[in-house]
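So the structure is just underneath, and the comments pick up after that.
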Number of protein chains: 2
Amino acid sequence: MTVITSPEVERTPVTGRERILVAAATRFAELGYTETSLRLIAADLEMKAGSLYYHFASKDDLILEVLHRGIGLMMEAFTTVELASEATSDEADERERLAAHVSAHLRVLHDNFAFTSLHVARFRTAPPSAREALVPVRDAYEAKWTQLLRTILPRQSDEEIGVLRLVLFGAMNSSIEWFHPERGGLDAFAEIITDQFWYGAAFAEVSPSRVG
Amino acid sequence: MTVITSPEVERTPVTGRERILVAAATRFAELGYTETSLRLIAADLEMKAGSLYYHFASKDDLILEVLHRGIGLMMEAFTTVELASEATSDEADERERLAAHVSAHLRVLHDNFAFTSLHVARFRTAPPSAREALVPVRDAYEAKWTQLLRTILPRQSDEEIGVLRLVLFGAMNSSIEWFHPERGGLDAFAEIITDQFWYGAAFAEVSPSRVG
DNA sequence: GTCTATAAACGGATAGAC
DNA sequence: GTCTATCCGTTTATAGAC
């Protein structure tokens with residue numbers, strides 16, 4: 001008989017600290033920072049609130065580490081696509097380059113919902129100290145997108161690029177409120193977002209081959 | 001000598017109840033529901049927390065009335081544009097129709113920030129009871145937009161229309177996090193949003209006259 | 001590493017004086 | 001209509017036993 005193991009589940013032993021971090025992130029994503037009490041996080045792990053302080057100095061420390069991992073994952077996803085597109089062709093099709101980044105952003109967003117959703121939907125619920133610490137890291141991620149858009153839309157002014165980046169972020173990030181990737185179709189969804197952004201709402205009527 | 005009065009400020013005497021409502025809405029918009037204590041709202045009005053209970057039965061009552069006014073204002077703005085476009089021409093240009101609605105939505109959003117921003121950015125911070133009460137009203141507003149998009153994009157499937165509405169909402173509503181209308185330029189901003197949604201990101205290269 | 005117990009502060013809400 | 005005073009629950013965080 002063969003032992004059935006899920007290939008998707010990492011079998012690395014989850015340390016106490018990591019277990020707490022995941023439980024906290026999950027509740028923060030669900031309820032927001034203030035609404036999530038340490039008692040609730042502890043209860044999810046069948047522990048008592050006081051025990052958490054052996055692993056983390058404070059609730060602020062918890063959210064700070066969750067936020068850092070979240071933006072770290074997003075940055076990682078971006079640079080992975082960046083390196084891959086440099087490797088394949090020196091001057092790839094611009095729409096395809098955008099599509100790859102949109103897909104990667106949506107993928108990392110939804111696959112690590114607990115760690116990333118706070119950034120795009122509940123950042124203001126985090127305490128000011130945590131927000132301030134994260135701003136430089138978030139700025140770096142946003143700057144990468146701004147640079148990407150500048151490259152693939154060379155005729156737009158810097159002001160327009162800035163607005164377009166925020167519009168694209170608004171479209172992509174609002175999806176965490178309603179898109180459920182467990183039903184599948186994240187790739188198709190990424191295509192719709194990309195086509196809408198690139199060709200406009202009437203993209204179904206304006207065939208890509210005609211425009212490109 | 002003439003008495004200078006600001007034409008923009010309603011000189012209607014603000015009743016105690018209305019003063020409290022505005023102060024509460026302002027703080028809810030700034031800090032979210034949970035982070036805003038009744039003691040803080042009262043302090044803003046140089047009152048004591050207990051006094052608020054003469055005007056409102058509970059904190060839930062306060063947020064409920066704020067949310068109702070917010071969605072009411074948005075609904076009002078939509079129907080105003082709807083009636084106006086019916087009056088002017090029987091089959092107005094579709095992009096222009098969309099532009100008018102986008103402009104109205106952004107206008108009402110930013111001009112009544114305290115009452116509307118909770119809907120588009122902090123709805124999840126409201127208590128479940130208030131959220132449930134508001135869902136039908138919000139659904140009605142969203143249905144109006146869905147119907148509008150269905151009319152001006154007749155070739156898109158219902159599924160695509162649904163995604164496009166959410167994408168448009170994401171783009172418009174995320175603006176409350178970063179767009180500051182007091183610096184002016186809301187009309188120009190509405191044009192960028194509309195053009196991006198309609199013609200795509202390269203709208204500056206694809207001139208409207210060429211596409212229309 | 002986890003527990004119990006508790007400190008210290010803050011929240012919404014009520015009662016009754018003025 | 002607004003105040004003071006207070007009740008009562010909840011929260012983060014700490015101290016010390018095991």
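Keep in mind that the numbers below use all heavy atoms, side chains included, and drop hydrogens, waters and symmetry copies. Residue numbering restarts at 1 for every chain, and letters A, B, ... go by the order of the sequence lines.
- A 4.0 Å heavy-atom criterion places the boundary nucleotides of DNA chain C facing chain B at dG11(C) to dT14(C), written 5' to 3'.
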Walk me through whether M172(B) and F197(B) qualify under side chain to side chain contact (heavy atoms under 4.5 Å, CB included).
CA-CA 10 Å; M172(B) 289 192 299; F197(B) 183 75; over 6 Å; no

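- With sequence neighbours left out, the side-chain contact (heavy atoms from CB on, under 4.5 Å) criterion links S37(B) to R39(B), L40(B).
- For R107(B), the side-chain contact (heavy atoms from CB on, under 4.5 Å) partners two or more places apart in sequence, or in a different chain, are D111(B), L186(B), D187(B).
- Two residues are said to be in side-chain contact when any heavy atoms from C-beta on lie closer than 4.5 Å; L168(B) and L98(B) meet this criterion.
- Across every non-hydrogen atom of Y53(A) and L38(A), the tightest pair is OH-CD1, 3.1 Å.
- The NZ atom of K59(B) sits 14.0 Å away from the CG atom of L64(B) when rounded to the nearest 0.5 Å.
- Applying the ring-ring contact (aromatic ring centres under 6.0 Å, His included) rule to F113(B) yields no partners; only residues at least two apart in sequence or on another chain are considered.
- Scored by the side-chain contact (heavy atoms from CB on, under 4.5 Å) test, T36(A) finds R27(A), F28(A), L31(A), I41(A) as partners (sequence neighbours excluded).
- Contact between I176(B) and S117(B) at its shortest, heavy atoms only, is CD1-CB, 3.5 Å.
- The backbone N or O of A171(A) lies less than 3.5 Å from no partner atom in the side chain of S175(A), so there is not a single donor-acceptor pair.
- For P128(A), the side-chain contact (heavy atoms from CB on, under 4.5 Å) test picks out R131(A), E132(A), with sequence neighbours left out.
- Residues of residues 21-32 of chain B having a heavy atom closer than 4.0 Å to DNA chain C: none are found.
- Scanning both residues, V81(A) and A104(A), for their nearest heavy atoms gives CG2-CB, 3.5 Å.
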Could you list all N or O pairs between the protein and nucleotides 6-11 of chain D that sit under 3.5 Å apart?
none

Donor-acceptor pairs under 3.5 angstrom involving side-chain atoms of residues 118-125 of chain B: please list them, not counting sequence neighbours.
{"residue": "H119(B)", "atom": "ND1", "partner": "R138(B)", "partner atom": "NH1", "Å": "3.2"}
{"residue": "H119(B)", "atom": "NE2", "partner": "L67(B)", "partner atom": "O", "Å": "2.7"}
{"residue": "H119(B)", "atom": "NE2", "partner": "I71(B)", "partner atom": "N", "Å": "3.4"}
{"residue": "R122(B)", "atom": "NH2", "partner": "A29(B)", "partner atom": "O", "Å": "3.0"}
{"residue": "R122(B)", "atom": "NH2", "partner": "E30(B)", "partner atom": "O", "Å": "3.4"}
{"residue": "R124(B)", "atom": "NH1", "partner": "E177(A)", "partner atom": "OE1", "Å": "3.4"}
{"residue": "T125(B)", "atom": "OG1", "partner": "Y33(B)", "partner atom": "N", "Å": "3.4"}
{"residue": "T125(B)", "atom": "OG1", "partner": "R122(B)", "partner atom": "O", "Å": "2.8"}

Which dot-bracket string describes DNA chain D (Watson-Crick N1-N3 plus N6-O4 or O6-N4, or G-U N1-O2 and O6-N3, all under 3.5 Å; [ ] crossing; | other strand)?
|||||||.||||||||||

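- Residue pairs meeting the ring-ring contact (aromatic ring centres under 6.0 Å, His included) criterion with at least one partner in residues 160-186 of chain B, sequence neighbours excluded, are H105(B)-F169(B), H110(B)-F179(B), W145(B)-F169(B), W178(B)-F189(B), F179(B)-F189(B).
- In this structure a side-chain-to-backbone donor-acceptor pair under 3.5 Å is present from R17(B) to H55(B).
- At a non-hydrogen distance threshold of 4.0 Å, E46(B), M47(B), K48(B), S51(B) from residues 46-53 of chain B come into contact with DNA chain D.
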